[in-house]
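Heads up: the structure comes next, in structure tokens.
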Amino acid sequence: MEKEAEKFEIILGVKFESLTFDEALSRLRRFLDTEEHNVCFTPNPEMLMSAWKDAEFRDILNKADLILPDGIGIIMASFFYRRKITRRVGGCDIVQELFKTAEKPLRVYFLGAAPGVCALAKENVEKKYRNISVVGFNDGYFDYEKEKLIIAEIQSLKPDMLLVGIGFPKQEKWIARHKNELPVRLSIGVGGTLDVLAGAVKRAPKIFRSVGAEWLYRLISQPSRYKRMSRLPVFLIMAAWEGVRSRFKKGER
Ligand code: UDP
């Protein structure tokens with residue numbers, strides 16, 4: 001059996017676990033059977049770069065119950081470390097698979113995206129997945145007063161699962177700040193997944209996803225993302241530097 005330490009890889013200070021998609025899925029299912037509030041985050045290269053400079057964000061990521069590598073950039077970065085993370089497990093994919101394979105009724109709350117998006121996402125999800133009920137939702141543009149109402153609503157609805165898509169690091173910090181007051185079994189920081197569930201943003205065709213080029217499709221279909229994506233080479237240089245340095249420090253080659 002693989003030794004425990006062999007299953008982990010710390011990339012730019014964030015600890016990832018090497019899991020297959022199915023292993024990650026069954027971990028999430030298990031979380032839904034517990035009484036605790038479990039948290040899952042799905043960092044991509046941009047998030048790691050931000051966490052590298054923001055110790056609070058990094059700490060929040062590392063305290064999650066499950067961290068999944070969302071993006072081919074993380075797999076490429078792992079190459080400079082101990083090459084433990086070889087499979088991408090995207091947040092959007094795993095949420096949809098969790099919905100698709102739910103064997104018993106699952107009550108979900110959506111928090112995030114622009115006004116109107118969650119209502120569409122609810123309609124689509126309930127039509128497509130027979131065991132999923134979206135018991136409540138709110139858009140991701142709220143002030144302090146509204147936030148208190150949202151928390152009270154989640155407390156009274158007691159959903160099994162909470163999806164928070166208000167952009168990083170806001171969504172991770174929001175979940176960490178409110179974790180103890182929310183009666184939920186599983187919270188996931190989902191970025192733009194609510195837009196995808198609503199049909200407002202299209203996923204890349206399978207061919208792009210299967211070769212790890214979803215980023216290329218997003219760049220073509222949303223050229224405004226150019227500035228964000230241009231940071232990927234910088235991320236890889238940082239990972240190369242940090243990864244090789246950490247291996248030399250441990251006396252590895
Ligand atoms: N968003 C939000 N509130 C905010 C900022 C962003 O609800 O204050 C939403 C935004 O509308 C979008 C999501 O957060 O639905 C972030 O999407 P993005 O594509 O940036 O995330 P990614 O999937 O790339 O991490």
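The structure presented is a predicted model; accordingly, all values stated were derived computationally and were not measured. For ligands, and for the atoms within them, numbers begin at 1 and follow the listed sequence.
Although no hydrogens or angles enter the test, the distance criterion places a donor-acceptor pair under 3.5 Å between the side chain of E9 and the main chain of R83. In terms of modelled atom types and a separation under 3.5 Å, the side chain of E126 and the main chain of V134 share a donor-acceptor contact. Under the 3.5 Å distance criterion, the side-chain polar atoms of S50 are left unmatched by any main-chain donor or acceptor of E46.
Residues F80 and A239 approach most closely at CB-O, 3.8 Å, considering heavy atoms. Closest approach of L157 and V135 over heavy atoms only: CD1-O, 3.7 Å.
Looking from atom 13 (C) of ligand 1 to the surrounding protein, the closest heavy atom is G191 O, 3.6 Å. Of the protein's non-hydrogen atoms, G192 N, 2.9 Å is the one closest to atom 23 (O) of ligand 1. Among all non-hydrogen protein atoms, the one lying nearest atom 20 (O) of ligand 1 is R228 NH1, 3.1 Å. Closest to atom 7 (O) of ligand 1, if we only count protein heavy atoms, is A113 N, 2.9 Å. Ranking the protein heavy atoms by distance from atom 19 (O) of ligand 1 puts R225 NH1, 3.5 Å first. Looking at atom 11 (O) of ligand 1, its nearest protein heavy atom turns out to be Y141 OH, 3.0 Å. Among protein heavy atoms, atom 9 (C) of ligand 1 sits closest to G165 O, 3.4 Å. In terms of protein heavy-atom proximity, atom 15 (O) of ligand 1 is closest to D195 OD2, 2.4 Å.
Any N or O atom pair closer than 3.5 Å counts here, and F168 shares no such pair with ligand 1.
Those atoms of ligand 1 with a heavy atom of G112 less than 4.0 angstrom away are 7 (O). Near K170, with a cut-off below 4.0 Å to any heavy atom, the atoms of ligand 1 are 4 (C), 8 (O). The A114 neighbourhood of ligand 1 comprises atoms 11 (O), with distances under 4.0 Å to a heavy atom of that residue.
The side-chain heavy atoms of D65 and E36, taken from C-beta on, include no pair separated by under 4.5 Å. You'll find the side chain of I74 stays beyond 4.5 Å of the side chain of D70, heavy atoms only. By the 4.5 Å heavy-atom criterion applied to side chains, L186 and L32 are counted as neighbours.
Residue E46 does not touch ligand 1, judged by heavy-atom distances below 4.0 Å. Counting heavy atoms closer than 4.0 Å to ligand 1, residue I166 contributes atoms from both its backbone and its side chain.
Side-chain contact annotation: E242 with W52, donor-acceptor N/O pair under 3.5 Å absent.
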